[in-house]
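One structure is given below, encoded as structure tokens.
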Amino acid sequence: MEASSYFVILVIFCCSALPSLTSESELPRGHGEELGKHRDPEGHIPVLYDVPSPLEFWEKYASQRKPVLLKGVAKNFPAYSQWTDEYLRENYGELKVKLEAKVEKDHYPVGEKGLAQDTIRNFLKTYKNQDKYIVSQLPDPMSKEVLVLPCVRCGSFKNRVLEANLWLSSGGTKSLLHKDADNAFNCLLNGTKDWILIDPEHEVNVPMAEEAVSEYGGFSLINVDGVNLQRYPNFAKVPWWYANITAGDCLWLPYGYLHQVRSYGTKNMAVSVLFSRLKEFDSTGCDTAKPEYTPLSEADMVWTYDGVASQTMGNTDPFELNETLVHWCEENKDKQVDAATFLKGLEEMQAMDEEDDAENTAVHDEDILEEISRRVMMILDPTGRGSASCDRLKQLTVAELKAVAEVMSSDPANTEEYEYKTFSPENVRTVIMSVYDKDADRLDLEAFIEQYQDILQGSEKIAREVFEVLDPDNKGYANKKDLEGGMSQVMDMFTPRQIEDPAGVQWEQAQREDEMFRRDAETPMQTHREDSKQSGHTHGEL
């Protein structure tokens with residue numbers, strides 16, 4: 001074969017190996033643009049100007065898993081007119097709330113009570129000029145000024161109110177495309193919100209992260225600011241609806257309904273009330289019930305929050321949990337559930353991948369699941385028989401089911417201990433040793449606090465708690481002997497004792513890959529380099 005033939009073959013091979021560069025005119029509509037640009041919307045969700053009867057609401061919307069917007073109904077809430085910043089500060093300022101960044105999954109801000117934990121008073125002092133967003137369980141003292149709509153105050157809905165949440169920002173918030181595990185009424189008190197909604201029947205074409213526990217809740221891997229339709233071409237087929245919400249409106253969001261929300265206004269505040277995933281509706285009492293708004297404080301809500309202790313936001317619906325426990329039991333021939341049965345069920349719920357390369361993580365998760373199984377069996381089998389019958393499970397009280405749910409599904413971000421579960425022991429040790437002056441044999445309190453906040457983005461509160469361990473004599477500094485005596489305890493404080501979150505890992509990976517994909521499309525022949533920088537600072541060593 002002649003040399004020219006070899007050259008032709010080589011050129012053909014090399015060209016076929018290069019990634020195809022699609023011209024701008026050939027890109028699918030909406031590629032790289034905001035969510036919703038891939039096609040025209042189907043329209044606005046249904047709008048009602050009067051609250052429907054309980055039976056009409058169930059038959060047309062709740063049972064059909066159809067969203068609906070009720071215009072102006074939240075203007076009846078005392079909170080609508082009373083919850084000014086001054087009123088909230090004076091009446092509820094010391095109550096504790098949970099924080100997120102305005103862009104979901106971006107980071108957790110630091111509050112007065114630690115990472116992701118703040119008081120209402122401190123939040124109101126800082127939220128206008130900081131990236132902070134209250135996404136929190138509603139403190140009980142505030143519930144008297146929020147009302148439950150008449151259409152869910154009788155029949156099956158009456159005793160299936162799960163929890164209430166508070167949302168407060170200076171606008172500019174942006175959620176992921178996600179779905180919630182429970183039904184909810186979302187009522188806006190200030191500002192405006194734009195919703196994009198996707199019917200669950202189209203989820204097959206939406207790339208979703210694998211959730212660790214729930215098949216009902218979860219989020220999409222799509223970047224809502226730049227949808228990659230070359231990577232996720234099937235998403236171009238997904239139809240969507242929209243909802244424009246103004247202050248005073250309430251939106252009914254069915255469980256599992258995909259949605260993405262953006263907020264506007266110098267103050268944007270909302271409350272949501274969550275309800276169980278009802279499959280049937282018993283209308284007993286609805287024909288005689290008066291169509292009245294009821295203070296949330298008078299509702300028999302499953303998960304409440306006093307505004308002081310740890311939250312229970314996002315905890316499992318105990319009624320659904322009971323069905324799961326009974327199902328596991330009835331699958332056994334002996335109609336009993338024991339620790340081994342429970343562990344097997346947990347492993348299936350967690351969808352643990354035995355072929356995962358991260359063997360240490362798998363072992364770590366397995367240890368945690370075994371501990372959860374042991375603690376749950378102490379609740380289900382208080383006499384210590386070693387098992388619980390299906391009949392016993394069917395007779396569990398709501399209080400017992402809540403206790404089981406607390407063991408199984410409590411969110412570390414609901415507590416002031418969250419910061420300890422976020423930073424790695426190694427990173428904390430690095431910060432400590434970066435501040436420790438080996439020559440002077442001294443670790444100063446104020447210098448440590450400054451570096452802890454600067455490097456880890458942690459809180460002063462937790463930094464001081466760490467230093468108390470290193471400086472048990474309260475000298476204001478720690479020496480080598482102090483560090484040797486307290487370092488292991490500090491490391492233990494930051495050792496995580498929770499199940500790894502596969503969905504979070506997938507989200508981070510998806511964003512990195514999307515960014516690489518975008519860069520390659522913009523500059524396919526460039527090599528991206530980063531200058532490595534080395535610090536000349538020498539840290540002390542133990």
Side-chain angles (χ1 to χ4, degrees), residues 48-54 57 68-98 118-125 127 133-154 157-171 183-193 245-253 263-275 289-308 311 313:
L48 300 178
Y49 292 88
D50 296 301
V51 179
S53 69
F57 176 72
V68 62
L69 182 64
L70 305 185
K71 293 292 291 183
V73 296
K75 293 180 179 180
N76 295 296
F77 296 10
Y80 178 78
S81 57
Q82 293 180 5
W83 283 7
T84 62
D85 285 5
E86 181 180 2
Y87 180 88
L88 293 174
R89 187 181 300 110
E90 291 179 356
N91 291 275
Y92 306 120
E94 299 309 310
L95 298 178
K96 190 172 63 176
V97 289
K98 192 163 71 168
D118 210 349
T119 60
I120 290 179
R121 172 185 49 77
N122 189 65
F123 175 83
L124 293 173
K125 186 171 61 177
Y127 83 109
Y133 182 20
I134 290 180
V135 180
S136 175
Q137 200 165 359
L138 181 74
D140 296 339
M142 303 174 71
S143 64
K144 62 182 180 293
E145 291 157 354
V146 175
L147 304 181
V148 182
L149 304 189
C151 58
V152 287
R153 279 305 293 150
C154 67
F157 277 119
K158 184 174 182 179
N159 297 316
R160 301 296 287 272
V161 184
L162 296 177
E163 70 178 58
N165 298 323
L166 174 66
W167 315 75
L168 174 56
S169 74
S170 58
N183 295 305
F185 261 121
N186 295 268
C187 299
L188 191 61
L189 305 177
N190 294 94
T192 61
K193 285 188 176 182
I245 306 179
T246 57
D249 298 345
C250 289
L251 182 147
W252 170 258
L253 182 68
S263 72
Y264 308 92
T266 56
K267 178 179 180 180
N268 195 288
M269 179 166 57
V271 291
S272 59
V273 181
L274 279 56
F275 298 83
K290 296 181 179 180
E292 296 177 337
Y293 291 80
T294 306
L296 181 61
S297 56
E298 297 179 14
D300 188 16
M301 193 156 52
V302 173
W303 297 108
T304 57
Y305 168 53
D306 62 8
V308 178
Q311 298 190 24
M313 185 178 185

Item checked: Test side chain to side chain contact (heavy atoms under 4.5 Å, CB included) applied to M301 and V148, V161, N159, the passing residue -> V161
Next item on the list: Please name the residue in the list K193, K75, K71 that meets the salt bridge (charged side-chain N to carboxylate O under 4.0 Å, His left out) test with D249.
Entry: K71
Next item on the list: Quick one: do L166 and M269 satisfy side-chain contact (heavy atoms from CB on, under 4.5 Å)? Show the steps, please.
Entry: CA-CA 8 Å; L166 174 66; M269 179 166 57; 4.3 Å; yes
Check: Is a side-chain donor or acceptor of S170 paired with a backbone partner of Y127 at a separation under 3.5 angstrom?
Finding: yes
Note to self: As an exercise, state the distance from OH of Y305 to NZ of K96, rounded to the nearest 0.5 Å.
What the structure shows: 5.0 Å
Check: Is it the case that T119 and N122 place a side-chain donor and acceptor less than 3.5 Å from each other?
Finding: no
Checklist line | Flag, side chain of Q137 to backbone of Q311, donor-acceptor distance under 3.5 Å | finding: no
Check: Who passes ring pair (Phe, Tyr, Trp, His ring centres under 6.0 Å) against F185, sequence neighbours left out?
Finding: F57, W252
Next item on the list: Specify the closest pair of heavy atoms between Y264 and N268, including all atoms of both residues, with the distance to one decimal.
Entry: O-ND2, 2.8 Å
Next item on the list: Evaluate the side-chain proximity of L168 to L124: yes if any heavy-atom separation is below 4.5 Å, no if none is.
Entry: yes
Next item on the list: Measure the spacing between OG of S81 and OH of Y87 and express it to the nearest 0.5 Å.
Entry: 9.0 Å
Check: Is a donor on one side and an acceptor on the other found under 3.5 Å between the side chain of D140 and the backbone of S297?
Finding: no
Item checked: Shortest non-hydrogen contact from V152 toward F157 -> O-CB, 3.6 Å
Checklist line | Separation of I134 CD1 from I120 CD1 (nearest 0.5 Å) | finding: 5.5 Å
Notebook entry, point to check: Can you name the residues that form a side-chain contact (heavy atoms from CB on, under 4.5 Å) with S272, not counting sequence neighbours?
Noted result: N165, W167, N186, L274
Margin query: Could you measure the distance from the CG atom of L162 to the CZ atom of R160? Nearest 0.5 Å is fine.
Written below: 7.5 Å
Margin query: Quick check: closest heavy atoms across A289 and C154, and the distance to 0.1 Å?
Written below: CB-CB, 4.2 Å
Item checked: For D85, salt bridge (Lys or Arg N to Asp or Glu O under 4.0 Å) partners two or more places apart -> K267
Check: What's the shortest heavy-atom distance between Y80 and A74, and which atoms?
Finding: CB-O, 3.4 Å
Check: Backbone N or O of V135 within a donor-acceptor pair of the K98 side chain at under 3.5 Å?
Finding: no
Check: If you round to the nearest 0.5 Å, how far is CG of L147 from CG of N76?
Finding: 7.0 Å
Notebook entry, point to check: Considering all heavy atoms of both residues, which atom of S169 and which atom of G171 are nearest to each other, and what is their separation?
Noted result: OG-N, 3.0 Å
Check: Where is the tightest heavy-atom contact between N190 and L188, given as atom of each residue plus distance?
Finding: O-CD1, 3.3 Å
Next item on the list: Measure the spacing between CG of L95 and CZ of R121 and express it to the nearest 0.5 Å.
Entry: 11.0 Å
Check: W83 and E145: side-chain donor and acceptor closer than 3.5 Å?
Finding: yes
